[in-house]
Structure formats: structure tokens, C-alpha cells
Asker: 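Would you mind keeping the following structure in view while I ask a few things?
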Amino acid sequence: MNRFSWFNAVSLTFGFAFLYIPMIILVTYSFNESKLVTVWAGFSTKWYGELFRDQAFLDAAWVTLRVAVFSSTLATILGTMAAYVLIRAGRFTGRTLFSGMIYAPLVMPDVITGLALLLLFIGVGLDRGVLTVVLAHTTFAMCYVSVVVSSRLATFDQSLEEAALDLGCSPAQAFRLVTLPIIAPAVISGWLLAFTLSLDDLVIASFTTGPSATTLPIKIFSAVRLGVSPEINALSTIMIGIVTAGVITASVISKRNMVRQRREEQAAARAQ
Amino acid sequence: MNSTVFAPWEDPEKKPLIRFQNVTKKFGTFTAIDNLSLDIYEREFFALLGPSGCGKTTMMRMLAGFETPTSGRIELAGKNIIPVPPNKRATNMMFQSYALFPHLTVWDNIAFGLRREGMEKDKMNARVEEMLRLTRLERFAKRKPHQISGGQRQRVALARSLAKAPTLLLLDEPLGALDAKLRQDTQFELMDIQEKTGTTFVIVTHDQEEAMTVASRIAVMDEGQLIQVATPDRIYETPVSVYVADFIGDVNIIEGKTTLIEDGQYQIDWAEGQMPLHAASSQPFDKGQTCFVAIRPEKVAISAEKPQAADNIVQGKVLDIAYLGNLSTYHVELADGTIIKSQTANTRRIARRSFTWGDTVWLSWTATAGVMLAR
Ligand SMILES: Nc1ncnc2c1ncn2[C@@H]1O[C@H](COP(=O)(O)OP(=O)(O)OP(=O)(O)O)[C@@H](O)[C@H]1O
Ligand SMILES: [Mg+2]
């Protein structure tokens with residue numbers, strides 16, 4: 001059955017090479033002794049040291065972290081609320097329109113989202129800085145959270161909430177004590193997804209940020225225009241590490257949860 | 001034992017606990033409950049019985065507060081409960097799907113409602129322990145719902161709904177998931193609990209035997225309407241229509257035209273070349289009116305020799321024998337093709353049975369064995 005032909009082997013190799021060679025090169029050169037990016041002069045971690053002494057990079061990192069934490073938290077709250085309402089509110093006029101609209105920003109080009117937000121911020125006279133980037137990231141990350149959470153809510157047994165109401169909970173208590181703990185893994189993976197999205201975003205951030213708030217991707221992008229430095233490679237390696245950790249954690253959480261859910265469903269099915 | 005029979009529905013002075021008054025529930029244009037009025041009394045074990053989709057769950061959900069009637073009034077202890085949200089009602093529901101909280105232990109599931117009430121810790125602990133003991137779940141208190149069996153889960157759901165000592169307990173097909181033995185045990189357990197706690201139970205079931213076993217009264221429903229509300233024995237012995245007779249238990253239905261012989265005694269012409277049947281009815285029937293005689297198979301005697309004296313005697317051939325262990329049901333085909341079922345207790349070993357497939361046999365029953373039904 002397991003036919004691992006030369007064709008499969010070649011396509012697999014090429015596919016993965018295509019995906020990962022650039023990153024491998026980047027990570028490798030971040031440990032290069034030489035200042036010259038293309039010449040290998042032995043292993044060293046000195047660029048990481050340089051990086052941590054560079055105040056501009058540290059500032060940018062601090063801005064990025066704050067933006068990511070605040071925007072992903074806000075996006076998680078709003079996205080969860082949106083998902084909950086769209087799944088639970090039953091039929092109301094324009095429901096299909098609303099659920100379609102929540103997914104539209106997913107396919108919207110970043111340039112357009114960025115531009116639209118920029119126009120909005122200028123329109124309402126908001127000074128561009130950390131706040132505007134947070135708002136912008138919240139806007140686009142919330143759709144992702146809402147997708148993740150609503151796919152969990154769709155399989156959530158509504159009679160659990162009814163049981164909570166029946167036992168004396170107000171609707172808000174039922175959500176807090178029953179629904180939220182059960183969908184928590186989806187909410188957490190939504191948060192992690194929003195966090196990593198905010199961490200990598202360049203386009204929307206450059207539209208909506210001001211001089212006081214330079215995020216790491218913006219910093220890297222502008223530094224690279226003056227020439228690639230091993231410092232940038234080191235920084236990028238760290239970011240790859242963080243994003244990878246975030247994505248892996250999110251998928252492990254949702255996978256584990258899915259397995260557990262299936263096991264519980266099977267157990268329930270046995271009872272029938 | 002109580003010397004007086006429990007029958008509050010016969011006492012005009014008695015106030016019902018639940019009162020449905022002309023309740024209609026529509027989903028869009030579909031009428032799920034159709035202008036239904038019903039009284040249920042305190043300490044009753046009331047069973048709702050009917051085919052799938054007839055509106056049983058909808059009735060329960062209206063009592064629990066998850067559905068609002070389109071029109072009509074529902075009273076609990078004399079008060080209109082329609083505007084009261086589910087969390088403010090003195091009712092608890094045991095869900096068909098159990099709806100146990102998967103993230104909480106058995107103990108916490110049972111304590112859930114008590115915590116919401118803000119009950120004192122000591123009192124709550126005592127109450128939960130009592131519920132665990134009642135449902136024999138002490139050993140499983142620390143487990144999560146997915147770590148226990150289906151039957152145990154069902155008992156957790158029961159314990160959880162009982163814990164708050166509700167005035168009214170709603171059980172939606174509570175035993176649907178259990179095997180026959182566990183089901184029977186739990187039925188008796190339920191009756192026991194009901195006797196101990198004095199709670200009023202409303203139970204939905206698909207299983208007519210279950211309704212017969214546990215209920216003080218049964219409501220037979222069809223398409224959102226009540227067809228008959230009566231005690232199990234009345235439903236079984238004197239159904240009001242062919243529908244009810246057919247729904248509860250096995251029955252022979254013979255259609256014919258009536259002629260009055262003398263008061264309450266009728267002669268029924270039912271088939272060409274067959275002797276007319278005799279049946280009794282307290283309800284008057286006109287001459288020549290179409291009527292259906294419903295006779296339970298166990299009231300039809302079967303014999304190899306022609307019985308000496310009986311109100312109704314027919315002859316036929318054994319077509320089929322359904323062996324049920326303690327009982328056997330004989331399907332006997334008469335000369336005109338009518339099939340009549342007769343049920344007898346298997347007091348003798350099968351090998352000693354005096355008739356078998358294809359044998360000619362005599363069926364007989366008394367005039368009062370059957371019920372005459374107009375529809
Ligand atoms: N939310 C709803 N929207 C539309 N129709 C509904 C809804 N709930 C129930 N119905 C309809 O109302 C009718 C009665 O439903 P109900 O659940 O009360 O049936 P039931 O007697 O409990 O059936 P079963 O024995 O199969 O559980 C059904 O025909 C069902 O399709
Ligand atoms: Mg139902």
C-alpha cells in the first residue's frame with residue numbers, strides 16, 4: 001500500500017526545499033561570524049548579543065509585544081462574542097449577511113485593510129501610534145478568532161447551556177460557568193493565532209503606525225533596505241522561533257481538544 | 001399503606017399543580033401543540049406518551065421555560081409562569097441527552113444547582129452526599145462524565161435534577177439509553193424516589209410499558225392534541241378510541257354494525273357467513289352504526305375443542321406462534337381471512353402444547369372482554 005515511488009520522493013523534496021531553504025539559509029547565517037552575509041566564517045552567536053544591545057531594536061520589540069498582546073486579547077474578546085452571537089442568536093434578518101461579512105476581511109488584501117483603516121484614523125483625527133496599530137490588528141485578527149471559535153461552538157451541545165439555565169444560572173453565568181470553560185481551548189488557540197498574526201504583520205502596521213511606534217517587521221524592512229545585516233538575520237530567527245512556537249501550541253491545543261471531544265462523543269454514543 | 005387511593009384528579013376541590021389552558025405552540029406555520037388543556041396534580045407521576053413528533057418534548061420545554069407558547073396560559077401552583085425565565089422556575093429538567101457538564105466532576109455536576117442557590121457549604125455537602133447515595137454513585141463522585149458508563153451518567157443527570165428538590169421534575173425519555181434490565185431497575189428507583197421526595201414527575205417516554213409501570217396517569221398524544229388522559233388501567237381497559245387501543249399494547253380490532261339486544265348488550269354483524277358477535281357497552285350505539293370492538297389478545301381463549309358456552313366463539317387455523325418465554329401469542333386466521341391474536345400463559349412445557357402451526361382451533365371470549373369504540 002505504502003508506495004513511496006521516486007516521483008513522490010522527488011516532489012516531496014522539492015516541495016519542502018522550496019518552503020524551507022530560504023528559512024534555513026536565514027537561520028544559518030544568523031550564526032555567521034562574518035559581517036558579510038554571504039560569506040561563512042564560522043559559528044558565532046555574537047549577532048544575537050549585538051541585537052540585544054541595540055536600543056532601537058529593543059524599543060521596536062517592546063512596541064511589537066505590546067501591540068500583539070493588546071490586539072490579540074481584544075480580538076479574542078470581540079471575535080468570541082461575534083462567533084457566539086452568530087451561532088446562537090438563531091434566525092434574524094441579515095444573519096447570513098453578517099456571518100459572511102465577518103469572514104470577508106480574511107480575504108481582503110492587507111493593503112486595502114491598511115488603507116481603509118488609515119483613512120478612518122485620519123478621518124476621526126486619531127494620532128497614529130501604538131493605539132492605532134492595536135486597533136488595526138484587532139480588526140483583522142478578530143475575524144480569525146471568530147472563525148476558530150465558531151467552528152468549536154457549532155459542535156457545542158446547546159442543551160448544556162439550557163441545563164445551566166434550568167439549574168438557576170442567569171444567561172451570563174451560564175456562559176461563564178459552562179460555555180466558556182468548554183470552548184476555552186478554541187479561545188486560547190484563537191488568541192495565539194491573533195498574537196502571531198499581529199507579530200508578523202508588516203503591511204497593515206506600516207499604514208497605521210506613526211513615528212513613535214515602530215514595530216519589529218517595520219524595523220526589519222527598513223533596515224534591510226540599507227543592506228541585510230547578520231543582526232537582522234538573528235532577529236528574524238527569533239521571530240521565526242516565536243511564531244513557530246505559537247502556531248504549534250495552537251494546533252496542539254486544538255488537536256488535543258479534538259481528540260478529547262471525539263472520545264467524549266464516542267463515550268456518549270456508546271450510552272445511546 | 002395508604003387506605004385512600006391516590007386520585008386527586010377526581011376531587012373537584014383539589015387545585016392542580018400544573019394547568020395548561022388552551023395552549024397552542026406554533027413553529028412558523030407548523031402547529032406543534034394544538035389548543036391543549038391539561039391539569040397535573042401534586043405528587044403525580046404523569047406520563048406523556050405518543051408517536052415521534054407529536055409534541056411531547058415541546059410540552060416539557062414549555063414547562064421548563066425554553067419555549068414560549070404562541071397562545072394560552074400555563075400555570076404552576078396557580079401562577080402564570082409564561083413570563084418567568086427558566087432560571088427562576090421551581091422546575092428542573094432531566095435532558096434526554098443528559099447534558100452533563102463535561103468539564104465538571106460528578107460531584108460538581110450535582111452541586112451545580114445548589115451553588116447557584118448560594119446554599120451553605122455544609123448543607124450543600126450533605127445534600128450532594130444524599131443524592132449520591134440515593135442514585136448509588138458514591139464511588140464515582142470524583143470522576144468526570146466521560147469516565148463513567150451510560151447508565152451511571154443517566155443517574156448523575158437524575159441526581160443533578162433532583163438535588164434542588166424541585167416542585168416539578170421533568171424527565172424527557174430518561175431511560176431511553178438503558179438496557180432492559182437497568183431500565184426496569186431505574187423505573188423502580190424513580191418510583192421509589194418519587195415516593196420518598198413527594199416531587200411531582202412528568203415523564204416523556206416512547207415505551208408504553210414504561211408508562212404503564214411508573215405512571216399515576218398517562219396522556220396519549222397525537223399531533224399536538226391529547227387523545228386520552230387516564231390512569232394506566234383505564235387507558236388499557238377502556239381506551240376511548242381505536243388509536244389509543246392500538247397505541248397501548250396489542251389489540252384485536254373487529255369492525256362491524258351494531259344492533260341493540262337489550263340494555264347495554266349489542267349484537268355486531270361483522271363478516272359474511274360468521275356468527276354475529278356479542279359485546280357490551282355502557283355507551284349507546286345506534287342501530288346499524290359502525291363500531292370497532294377492541295379485544296386484548298390475553299382475553300381471547302384458545303382451545304383445541306369447541307368450548308361449551310361462551311358469548312363469542314370462532315374457529316380458525318393457527319397461522320403463527322410468537323413465543324415470548326412466559327407467554328405465547330397465537331395468530332389465528334379465520335375462514336374469511338381475519339386474523340385474531342390470542343395470548344396465553346405458557347404454564348406447560350412447549351413440547352406438551354396441544355396445538356401447533358396449521359391446527360384448527362377455537363377462539364372464544366366473553367361479551368364484556370372487548371370494548372366497543374365508535375372511532
Ligand atoms: N425549534 C423548532 N422549530 C420548528 N419545529 C419544531 C421545533 N421544535 C420542534 N418542532 C416540531 O414540533 C413537533 C413536535 O416536536 P417535539 O420535539 O415536541 O416531538 P416529540 O413528541 O418530543 O417527538 P420525539 O418522540 O421524536 O422526541 C415536531 O414535528 C417537530 O418537528
Ligand atoms: Mg422528544
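The structure presented is a predicted model; accordingly, all values stated were derived computationally and were not measured. Here is the naming used below: chain letters follow the sequence lines, and residue numbers restart at 1 for every chain.
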Asker: Does B:Phe27 CZ have over 12 foreign heavy atoms under 6.0 Å away?
Answerer: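 Counting neighbours around CZ of B:Phe27, more than 12 heavy atoms of other residues, nucleotides or ligands fall under 6.0 Å, so yes.
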Asker: Verify the neighbour count for atom CD of B:Glu120: are there more than 12 heavy atoms of other residues, nucleotides or ligands below 6.0 Å?
Answerer: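 No, CD of B:Glu120 has 12 or fewer neighbouring heavy atoms, counting only those of other groups under 6.0 Å.
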Asker: For B:Arg61, is it the side chain, the backbone, both or neither that has a heavy atom under 4.5 Å from a heavy atom of chain A?
Answerer: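 The side chain, not the backbone.
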Asker: Should the heavy atoms of other residues, nucleotides or ligands under 6.0 Å from CZ of A:Phe175 be counted, would the total exceed 12?
Answerer: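 Yes, the 6.0 Å shell around CZ holds more than 12 heavy atoms from other groups.
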Asker: Kindly give the heavy-atom pair with the smallest separation between A:Leu167 and B:Lys164, and that separation in Å.
Answerer: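 Looking at all heavy atoms of both residues, the closest pair is O-NZ, 3.0 Å.
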Asker: Can you name the closest pair of heavy atoms from A:Ser159 and B:Phe95 and give their distance?
Answerer: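 Heavy atoms of A:Ser159 and B:Phe95 come nearest at CB-CD2, 3.9 Å.
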Asker: Hey, are the side chains of A:Leu160 and B:Pro102 touching, using non-hydrogen atoms and a 4.5 Å cut-off?
Answerer: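 Counting from C-beta outward, A:Leu160 and B:Pro102 do come under 4.5 Å.
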Asker: Main chain of A:Leu177, side chain of B:His103: is a donor-acceptor contact present, judged purely on distance under 3.5 Å?
Answerer: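 A pair under 3.5 Å: yes.
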Asker: Does any heavy atom of chain B fall under 4.5 Å from the side chain of A:Ala164, the backbone, both, or neither of them?
Answerer: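 For A:Ala164, heavy atoms of backbone and side chain both lie under 4.5 Å from chain B.
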Asker: Can a donor-acceptor pair be found, under 3.5 Å and without considering hydrogens, that links the side chain of A:Asp166 to the backbone of B:Met93?
Answerer: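 Yes: the side chain of A:Asp166 pairs with the backbone of B:Met93.
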Asker: Heavy-atom count check: over 12 atoms from other residues, nucleotides or ligands less than 6.0 Å from A:Tyr103 OH?
Answerer: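 Counting neighbours around OH of A:Tyr103, more than 12 heavy atoms of other residues, nucleotides or ligands fall under 6.0 Å, so yes.
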Asker: Does any backbone or side-chain atom of A:Gln173 lie under 4.5 Å from a heavy atom of chain B? Answer side chain, backbone, both or neither.
Answerer: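 It is the side chain, since no backbone atom gets that close.
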Asker: Nearest heavy-atom pair of B:Arg116 and A:Cys169: which atoms, and what distance?
Answerer: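 Heavy atoms only, the tightest pair is CD-SG, 3.1 Å.
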Asker: Where is the tightest heavy-atom contact between A:Asp157 and B:Ser97, given as atom of each residue plus distance?
Answerer: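 Heavy atoms of A:Asp157 and B:Ser97 come nearest at OD2-OG, 3.9 Å.
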Asker: Counting heavy atoms not belonging to B:Glu129, are there more than 12 under 6.0 Å from its CD?
Answerer: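 Enclosed: over 12 neighbouring heavy atoms sit under 6.0 Å from CD of B:Glu129.
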Asker: Does atom CZ of B:Arg73 have more than 12 heavy-atom neighbours, drawn from other residues, nucleotides or ligands, at distances under 6.0 Å?
Answerer: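 More than 12 within 6.0 Å, yes.
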Asker: Just give me the residue among B:Thr91, B:Leu114, B:Leu104 that pairs up with chain A most often, heavy atom to heavy atom, under 4.5 Å.
Answerer: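 Option with the top pair count is B:Thr91.
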